Colleague: 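Next up is a structure, given as C-alpha cells.
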Amino acid sequence: MARFLITSALPYINGIKHLGNLVGSQLPADLHARYMRARGHEVMFICATDEHGTPAELAAARTGEPVADYCARMHAVQEGLARGFGLSFDHFGRSSSPQNAALTQHLAARLGAAGLIEQVAEEQVYSPADGRFLPDRYITGTCPACGYENARGDQCENCTKQLDPTDLINPRSAISGATNLEVRETRHLFLRQSALRERLDAWIDRQSGWPVLTTSIAKKWLHDGDGLQDRGITRDLDWGIPAQFDGAPWNGMEGKVFYVWFDAPIEYIAATAEWAEAHGLPDADWRRWWRTDEGADDVRYIQFMGKDNVPFHTLGFPATLMGSGEPWKLVDYIKSFNYLNYDGGQFSTSQGRGVFMDQALELLPGDYWRWWLLSHAPESGDSEFTWESFQAGVNKDLADVLGNFVSRVTKFCRTRFGETVPEGAAPDPRAQELTAALQAGLTRYEAAMDAIAIRRAAAELRALWVLGNEYLQDAAPWSTIKSDPDTAAMQIRMGLNLIRLYAVLSQPFLPDAAKRLMDALDCNDWSWPEDIAAALATLPPGHAFTVPDTLFAKITDDQRADWAARFAGTRS
RNA sequence: GGGCCUGUAGCUCAAUUGGUCAGAGCAGAGCGCUCAUAACGCUUUGGUUGGGGGUUCGAGUCCCUCCGGGCCUACCA
C-alpha cells in the first residue's frame, strides 16, 4: 500500500465552470483518486477554489456583494456542483483561508531570507476613477496597428498584435470606461526564478514519462529567449494575502497583496491543513503528506491540470518550494490536458458558450457526463463535444452495453428463479473461459488506469462489459433452462456476480451507478478483484437481490435536438 | 514573428525503441438470438496513414518541404 497525494488545478471563484474546465482537471483527478482508493491505497485528494485577484473583485462588484461574501457564496455553489459530479475531494478548500495566508507569508519570508525576492519599481496604469491599478487586459483602446477600437492592453484580438497598454490610442478603463488614466510608479516583489533556473531545469530533466505537453511547455519557458524570467508576485489590490506582515523581510509593501499565481498553488498545501483542522487532527497529520522530513518520503504526488496551468506548476510553484530551502514535497507526475471544444468552437466562460456544470446536472445525472467526458478526455490533442457524440456514447456504452446487461440478467433471474442468486451447477468450461478473458482484460484495464491513460482505460472497461454480453449470448440461459436448469442457474449466478464485478470496476468512472448496482444486489463488498474466479463467487447462492431501476436512460433524438438548440446560443 | 502539438477508414480515436500495425468503437451492410432499455452476439464493407521528396533491407513511425487545424508566447486566471 502506497500513499498518493492528488491535486486538481483550482477552479477560479469567478462563476460556474464549464465542462471543458471539468474534464481538464477535477474529473480526471477524481478518477485517479477513486481508482487508487479502490486499489487499497491511502489517498489525499485536494482541491479548492482560487479566490483572489482582480476578476473576483470585479465579479463581486457586479453583484454588489463584499468580495468575501461573494467568494463564500460561490465556493458553496462550486462545492455543490462538485458533489453533483461525484468529485470525491478529501477536502475542497479556499485559497482565502487563514492557513493559506500563513503559509504563503511563511514561504515568501523564507524566499526573501534566501535572497530570492527583490523589489522592483514599475510603471503601471492607474485609474483614479476606478481607484485601482489596471491590469493590461483591463485597459482597452484603439489598436495602433489595425485601428480596431476594442483592442485590449495586452493584445489586439482583431489583428493579434502584442501590445503594451501605452500603445493604445484613446485608452480607457475596461471596467468603468474612464479615460483619465495615468501612469504611476509602483513597487512590487519579484520572485527571482532566474536564479533557480538550473535547479528547475535539472529537476525537469530528472522526470521521466511526463506528457510531452507538460515538459515541452516547461522547457520553452526555461530556455526561450533570455530564459526563465523573474516574476512579479504582488499586486496593488485589496483582496488577497497581505504582502506586508509581521516578520516580512521587506518594507513598503503596505496595501499590496500576493498575486494569485503565487498563493494559489500554495493552497494545495494549505487546503490539506484545512482538512486536518476540519477533522480535528493535529498538524502532523497533514504535514506527513507534504514534508519529506515528516513522513512524506513515500508519497507519490500527482497533479492534474489543463495546459494553460502548466507553467505555474512546472516552474513557479516548484521554484517557491525549492527556494524556501525547506523539504517540501515536489510533484512527481503532472498530467496535463488539452482543451475540450464545444461543437466547432471553444467553450468560453466569458462568452457563456457551451455547457456549464450547473446546466449539465439539470439535464442528466453526473455519471452520464463523467463517462462521456472521461472516455473523450483531451489527452493527445484538443477534443470536441458534440451532442451527437454525447448521445451516441451514452446510449451505446452506458444504456446498451452496461445498463442492458444488468437488466437482462436480473430480469431473467427474477422470472425464472426469483430474486435470489440461484444455486445450480459448478462453473463449466465456458464460464472458465469467461473468467480467463476477464482476468486478461482486468490486467489491461489496470495497466491503463495505473498509467493514467484515461481514454484507453475507458475503452478497456467497456471491453469488460462486452465480455458479459458475449458470455450471455453464448451461454443462452433462456435456452439451457429448458433442458438443463442447473446449468442455466449457474450461468445466471455468473451474470449476477458479473454485475457486482462491474460495479466495483466501474466505480471510478460511474460512482453513482456503481452504488445503485451494489444496493440492488444488497452487497457492500467493494473489494477490488485479485482473482476473478473468486470475485465471481462473491454473491453466494440464496443471496437476495432486487431488480434495479433502469440504470441509464437513453437520450432520445428529440432531447438531443432540444439541447443542441438550447445551448447553441450563449448563456443568459 | 518564434516555439510546441496535430492531420490515420464517413465520425471519434489506437498503433512499444522504424520491422505482419494499417486496428478498435460508432455509423453502414448481412446473418443469428429473443433473456433484455427494438437491446445483445457473429460476420462484413470502408484507408496507397494531408500532398510531394529523401534516409533505410524496411517508415503513420526518422529528415526536408508544402498545405490544413490547434495551443503557448510570461499583467485574465
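Within every chain, numbering begins at 1; the chains are lettered A, B, ... in the order of the sequence lines, protein sequences first and strands thereafter. Quick caveat, the model's predicted, so the values are computed rather than measured.
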Colleague: Which part of the nucleic acid does A:Gly227 contact within heavy-atom distance under 4.0 Å: base, sugar-phosphate only, or nothing?
Modeller: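 Touches a base.
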
Colleague: Closer than 4.0 Å, any side-chain N/O of A:Lys396 to the OP1 or OP2 of B:rC40?
Modeller: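 Yes, A:Lys396 has a side-chain N/O under 4.0 Å of OP1/OP2 on B:rC40.
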
Colleague: What form does the base of B:rG32 take, syn (within 90° of 0) or anti?
Modeller: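 Because its glycosidic torsion lies more than 90° from 0, B:rG32 adopts the anti conformation.
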
Colleague: Would you say a side-chain N or O of A:Tyr471 is under 4.0 Å from OP1 or OP2 of B:rC40?
Modeller: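 Negative; the distance criterion is not met.
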
Colleague: List RNA chain B stems (3 or more consecutive Watson-Crick/G-U pairs, under 3.5 Å)?
Modeller: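 For RNA chain B the paired stretches long enough to count as stems (3 pairs minimum) are B:1-7 with B:67-73, B:10-13 with B:23-26, B:28-32 with B:40-44, B:50-54 with B:62-66.
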
Colleague: Indicate the atoms forming the closest heavy-atom contact of A:Arg172 with A:Gly141, along with that distance.
Modeller: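 The answer is NH1-CA, 3.8 Å.
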
Colleague: Look at all strands and tell whether A:Glu51 reaches a base, only sugar-phosphate, or nothing, counting heavy atoms closer than 4.0 Å.
Modeller: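 Since no nucleic acid heavy atom lies under 4.0 Å of A:Glu51, the category is nothing.
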
Colleague: Classify A:Phe133 by what it touches in the nucleic acid, base, sugar-phosphate, or nothing, heavy-atom distance under 4.0 Å.
Modeller: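 No contact.
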
Colleague: A:Lys307 side chain N/O closer than 4.0 Å to the phosphate oxygens (OP1, OP2) of B:rG70?
Modeller: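 It does not, given that no N or O in the side chain of A:Lys307 lies less than 4.0 Å from OP1 or OP2 of B:rG70.
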
Colleague: Once you apply a heavy-atom cut-off of 4.0 Å, does A:Ser383 come out as touching a base, just sugar-phosphate, or nothing?
Modeller: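 Result for A:Ser383 = sugar-phosphate.
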
Colleague: Base, sugar-phosphate or nothing for A:Asp397? Non-hydrogen atoms, less than 4.0 Å.
Modeller: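 Answer is nothing: A:Asp397 stays at 4.0 Å or more from every strand.
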
Colleague: According to a cutoff of under 5.5 Å between the ring centres and under 30° between the ring planes, does A:Phe412 stack with the base of B:rC35?
Modeller: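 Not stacked by the 5.5 Å and 30° rule.
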
Colleague: NA contact type, A:Pro477, heavy-atom cut-off 4.0 Å: base, sugar-phosphate, or nothing?
Modeller: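 If one applies the 4.0 Å heavy-atom cut-off, A:Pro477 turns out to touch nothing in the nucleic acid.
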
Colleague: At 4.0 Å (heavy atoms only), tell me whether A:Val466 reaches a base, stays on the sugar-phosphate, or touches nothing.
Modeller: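 It contacts sugar-phosphate atoms only.
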
Colleague: Can you check whether A:Tyr259 has a side-chain N or O nearer than 4.0 Å to OP1 or OP2 of B:rC76?
Modeller: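 Looking at the OP1 and OP2 atoms of B:rC76, neither is under 4.0 Å from any side-chain N or O of A:Tyr259.
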
Colleague: Is there a side-chain contact between A:Arg370 and A:Phe509, using heavy atoms and a 4.5 Å cut-off?
Modeller: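 Side-chain contact under 4.5 Å: no.
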
Colleague: Look at A:Arg414 and B:rC35 and indicate whether a side-chain polar atom (N or O) is within less than 4.0 Å of OP1 or OP2.
Modeller: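 For B:rC35, neither OP1 nor OP2 has a side-chain N or O of A:Arg414 closer than 4.0 Å.
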
Colleague: Please enumerate all residues that pass salt bridge (Lys or Arg N to Asp or Glu O under 4.0 Å) together with A:Arg192, with sequence neighbours excluded.
Modeller: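 Per chain and number, A:Arg192 pairs via salt bridge (Lys or Arg N to Asp or Glu O under 4.0 Å) with no residue.
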
Colleague: Counting only side-chain heavy atoms from C-beta out, which of B:rA77, B:rA36, B:rA74 sits nearest to A:Pro55?
Modeller: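 Looking only at heavy atoms from C-beta outward on A:Pro55, the closest nucleotide is B:rA77.
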
Colleague: Identify the heavy atoms of A:Asp263 and A:Asn100 that sit nearest to each other, and give their distance.
Modeller: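 Nearest heavy atoms, A:Asp263 then A:Asn100: O-ND2, 3.3 Å.
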
Colleague: With a 4.0 Å cutoff (strictly under), does any side-chain N or O of A:Lys554 reach OP1 or OP2 of B:rA39?
Modeller: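 So the side-chain polar atoms of A:Lys554 do come within 4.0 Å of the phosphate oxygens OP1 or OP2 of B:rA39, strictly under.
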
Colleague: Between B:rU8 and B:rG52, how far is it from one P atom to the other, in whole Å?
Modeller: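 Their P atoms lie roughly 15 Å apart.
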
Colleague: A:Arg231 has a side chain; which of B:rA74, B:rA36, B:rU12 sits nearest to it?
Modeller: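 Side chain of A:Arg231 sits closest to B:rA74.
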
Colleague: Work out how far the C1' atom of B:rG23 is from that of B:rC4, and round it to whole angstrom.
Modeller: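 Pairwise C1' distance, B:rG23 against B:rC4, rounds to 28 Å.
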
Colleague: Step through it carefully: locate the ring centre of A:Tyr268, locate the ring centre of A:His313, and say whether they are under 6.0 Å apart.
Modeller: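 They qualify: ring centres under 6.0 Å apart.
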
Colleague: Determine the interatomic distance between P on B:rA29 and the same-named atom on B:rG46; round to the nearest Å.
Modeller: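 Roughly 16 Å separates the two P atoms.
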
Colleague: Could you classify B:rG51 for me, syn or anti, using a glycosidic angle within 90° of 0 as syn?
Modeller: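 That one's anti.
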
Colleague: Side-chain contact, heavy-atom cut-off 4.5 Å: A:Cys413 with A:Leu496?
Modeller: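 Yes. Closest side-chain heavy atoms under 4.5 Å.
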
Colleague: May I ask you to test the A:Ile139-A:Leu181 pair for a side-chain heavy-atom distance under 4.5 Å?
Modeller: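 Result yes, sub-4.5 Å side-chain heavy-atom pair found.
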
Colleague: Given the C1' atoms of B:rU34 and B:rG41, what is the spacing between them in whole Å?
Modeller: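 These two C1' atoms come out 12 Å apart once rounded.
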
Colleague: Within the 4.0 Å heavy-atom criterion, would you say A:Leu551 contacts the bases, only the backbone, or no part of the nucleic acid?
Modeller: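 Base, at least one base atom sits under 4.0 Å.
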
Colleague: Using only heavy-atom distances, determine whether the side chains of A:Lys554 and A:Asn395 contain a donor-acceptor pair under 3.5 Å.
Modeller: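 No, A:Asn395 and A:Lys554 have no side-chain donor paired with an acceptor closer than 3.5 Å.
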
Colleague: Please state whether the base of B:rC13 and the side chain of A:Glu384 form at least one donor-acceptor pair under 3.5 Å?
Modeller: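 Side chain to base: no pair below 3.5 Å.
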
Colleague: Taking B:rG58 as the reference, what is the distance to B:rC72 when you measure between their P atoms (whole Å, please)?
Modeller: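 The same atom, P, in both gives a distance of 42 Å.
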
Colleague: Using a cut-off of less than 4.0 Å, is there contact between a side-chain N or O of A:Arg455 and OP1 or OP2 of B:rA14?
Modeller: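 So the side-chain polar atoms of A:Arg455 do come within 4.0 Å of the phosphate oxygens OP1 or OP2 of B:rA14, strictly under.
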
Colleague: Hey, does A:Arg456 reach any base, or is it just sugar-phosphate, or nothing, if we go heavy atoms under 4.0 Å?
Modeller: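 Contact class for A:Arg456: none.
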
Colleague: Please work out if A:Ser389 contacts a base, only the sugar-phosphate, or nothing of the nucleic acid, heavy-atom cut-off 4.0 Å.
Modeller: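 Touches nothing.
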
Colleague: If each of A:Glu379 and A:Ala476 is mapped to the nucleotide of RNA chain B with the nearest heavy atom, which maps nearer the 5' terminus, i.e. the 5' end?
Modeller: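 On the 5' side of the pair lies A:Glu379.
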
Colleague: Run the salt-bridge test on A:Glu460 and A:Arg462 with the 4.0 Å N-O cut-off and return the result as yes or no.
Modeller: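 A salt bridge is absent here (no side-chain N lies under 4.0 Å from a carboxylate O).
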
Colleague: With rounding to the nearest 0.5 Å, note down the distance linking OH in A:Tyr70 to CZ in A:Arg62.
Modeller: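 It is 7.0 Å, given to the nearest 0.5 Å.
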
Colleague: Between A:Lys220 and A:Ala392, which has a closest nucleotide on RNA chain B that is more 5'?
Modeller: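 Comparing both residues, the 5'-ward one is A:Lys220.
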
Colleague: Scan A:Gln229 against the nucleic acid and name what it touches under 4.0 Å (heavy atoms): base, sugar-phosphate only, or nothing.
Modeller: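 Base contact - A:Gln229 has a heavy atom under 4.0 Å of at least one base atom.
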
Colleague: Please work out if A:Glu388 contacts a base, only the sugar-phosphate, or nothing of the nucleic acid, heavy-atom cut-off 4.0 Å.
Modeller: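 No contact.
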
